[in-house]
Structure formats: structure tokens, C-alpha cells
Amino acid sequence: MRFGGHEPITALEDVSFDIDDGEFVAIVGPSGCGKSTLLRIIAGLLEPTAGSVTVRGKTPSEARRDVEFGFVFQSPVLFPWLRVLGNVLLPDRILGKRNPLAVADAERHARGLLRDVGLEGFEEYYPEQISGGMQQRVALARALSYGASTLLMDEPFGALDEFTRDNLNIQLLEVWQQTRSTVLFVTHSLQEAIFLSDRVVVLSPRPGSVMRIADVPFGRPRDLTIRYRPDFAALNGELRELLQIDAGAAGDGEVAPP
């Protein structure tokens, strides 16, 4: 993937991997290596300058048209004039409902999702009345509300404090184990990537390429205590060393791509 300009920048190069249905895959790499760019290519929001992406046998544009994607950004991107329940129901209303029964079913589903992410009782609050972590839970419930087969998450918990982040990691896994959507999760945290995922894709510094795809050997369900196990620490250290070695080889003066 190249971005044009006076001095064109290659953001991604030789990136190739498959994701199984229902798999949880994390993507890690140094800042500027193209992690977010990769998500946007998969979602059909950017057109790759070379290569191709297939989502359940479809092009990204076809998959987006068929509402295969849910996208959760680092910022919750909630509408301040809508209450919590209204924000979760928004995609459903955009897609359109045909009769009062369908509308009632959508509201029951939305309320159930809010309960699943720990927000029962906050349905009538406005975004400004709840914390940043709660807003991100609303964004997660919204992304799950229309049954998308694939959930793309771009550092959704990166701006939160450690304790809120840990809590949301647990809630995300609980909801994912119910829905079994395919998840592609971008994060700067190796610990978060290992804790959440089935596999971790490690990208090199720009231009981002796949250095390693590491299997995560821990069963499910998981709780936070696995982070204190020697095998967890060993995998974390192994991937961290890989990133540090490659970052050193890249040299100083890296500039983040668009």
C-alpha cells in the first residue's frame, strides 16, 4: 500500500495471512507500521495499490454493502444528541425496519447487548453523562447490534486507564464468546494482544510486513491471572524482543505514514 505525494510512502508491503471464521486475531507493531491502514483496506475504506483482500468470498466493497463489518475506533464516535440506547439502535434504524414488531425486536436486542457490556440501567443517559470507558462499551454494543460477521477494532481501549482496559478486555471476551464474530483487533499492547487473541500478527516497522504470526496456546475462557503465568511472560518477551530487534534494524528517524 503506497500513499502518493511529493515523496510517496509505502505503508504496507508483503502482508498476507488468512483468518478463520470466528477467530480472534490481534495485530501489533510499532507506531506508523500501517496497522490502522490495514484495517481500513480490509473494510473497503481504502483501495490497496497492489494485492487483494477477500472477506467470506467477497471483495471488501461487497462485504461492506452486505453489512459484514462492525468497526470500533479508538474514539467511541457517539452522537451526543442521542441517548445510549439510541446510539446502539442507530445502525438498525439506518438499515431500516419494516414493521413495529421488528422495531421492538431491535430494541430488545440492543438492551440485551447493553446488559452484556455492563450498561444495564444506563440506556437513557446521554454520552456526556457517562465515563470514557462506558462510552466505549456503547460503541462495542453498537458494532454488535446488527449481527456483523466481522468485527474490526482499531485500538478501542488505547486511551483508557489500565483498570478500565482490563475490565473491558474481559467483557469483550465474554461478548465475543457468545457471538463468535471474527475479530481483527489492533493494539499497541502485546499483553492485551496475547490475552485476547487466538493468534498475534506481528508487523515490522514501515513499510509494515508480517514478521511472525504467533499462535496463542491458552485455552478459553480466560481470566486476567493467565498474565502471571511463566508461559504467558515467555511469549510476551519473545514477541517484544522481536519488535525491539526489528525496530533497531530500522534505525532512527521513522516518520509515521498517513
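What you see below is based on every heavy atom in this structure, not just the backbone, and it leaves out hydrogens, waters and symmetry mates.
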Determine the minimum heavy-atom distance between [X] and [Y], stating which atoms define it.
X: R64; Y: A43; result: NH1-O, 3.4 Å
X: A110; Y: L85; result: CB-CD1, 3.8 Å
X: V72; Y: P156; result: CG1-CB, 3.8 Å
X: A143; Y: A148; result: O-CB, 4.5 Å
X: R220; Y: L173; result: NH1-CD2, 3.5 Å
X: M211; Y: L243; result: CE-CD2, 3.8 Å

Would [X] and [Y] pass as an ion pair if we require N to O under 4.0 Å?
X: E107; Y: R111; result: yes
X: R227; Y: D166; result: yes
X: E23; Y: R199; result: yes
X: D66; Y: R56; result: no
X: R222; Y: E174; result: no

[X], [atom1] atom: more than 12 neighbouring heavy atoms under 6.0 Å:
X: D231; atom1: CG; result: yes
X: E128; atom1: CD; result: no
X: Y146; atom1: OH; result: yes

Is there a continuous path of hydrophobic side-chain contacts, each under 4.5 Å between heavy atoms, that joins [X] to [Y]?
X: L82; Y: I94; answer: yes
X: Y126; Y: L90; answer: no
X: V53; Y: F17; answer: yes
X: L168; Y: F163; answer: no

Answer whether the closest heavy-atom distance between the side chains of [X] and [Y] falls below 4.5 Å.
X: S75; Y: Q135; result: no
X: L172; Y: V183; result: no
X: L113; Y: V117; result: no
X: L12; Y: I41; result: yes
X: L184; Y: I42; result: yes
X: D198; Y: V216; result: no
X: V28; Y: V201; result: no
X: V200; Y: I213; result: no

[X] (side chain) donor-acceptor with [Y] (main chain) under 3.5 angstrom:
X: E192; Y: L190; answer: no
X: N87; Y: R83; answer: yes
X: S209; Y: S204; answer: no

Separation of [Y] [atom2] from [X] [atom1] (nearest 0.5 Å):
X: L160; Y: M134; atom1: CG; atom2: CE; value: 12.5 Å
X: E47; Y: S61; atom1: CD; atom2: OG; value: 6.5 Å
X: Q74; Y: M153; atom1: CD; atom2: CE; value: 12.0 Å
X: E155; Y: I27; atom1: CD; atom2: CD1; value: 11.0 Å
X: I226; Y: I194; atom1: CD1; atom2: CD1; value: 9.0 Å
X: E124; Y: Q129; atom1: CD; atom2: CD; value: 10.5 Å

Practice prompt. Evaluate the criterion side chain to side chain contact (heavy atoms under 4.5 Å, CB included) for residue pair E120 and L114; output intermediate values, then yes/no.
Written response: CA-CA 6 Å; E120 187 173 20; L114 287 170; over 6 Å; no
Regarding [X] and [Y], is there a side-chain donor-to-acceptor distance under 3.5 Å anywhere?
X: H188; Y: S31; value: yes
X: S149; Y: E68; value: yes
X: S36; Y: D154; value: yes
X: D161; Y: T164; value: yes
X: T182; Y: T150; value: no

Item to complete: Look at the rings of F71 and F73 and say which category their plane angle falls in: under 30° parallel, 30 to 60° tilted, over 60° perpendicular.
Response: parallel
Worksheet item: Taking the inter-plane angle between the rings of F185 and F157 on a 0 to 90° scale, is it parallel (under 30°), tilted (30 to 60°) or perpendicular (over 60°)?
Response: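 Ring orientation, 0 to 90° scale: tilted.
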Practice prompt. Tell me, with the steps shown, if R212 and E238 meet side chain to side chain contact (heavy atoms under 4.5 Å, CB included).
Written response: CA-CA 11 Å; R212 181 178 169 187; E238 189 178 331; 2.3 Å; yes
Item to complete: Decide yes or no on side chain to side chain contact (heavy atoms under 4.5 Å, CB included) for W176 and L151, but give the supporting numbers first.
Response: CA-CA 10 Å; W176 171 73; L151 190 60; over 6 Å; no
Worksheet item: Please walk me through it: do R142 and V77 pass side chain to side chain contact (heavy atoms under 4.5 Å, CB included)?
Response: CA-CA 11 Å; R142 181 180 59 193; V77 198; 4.2 Å; yes
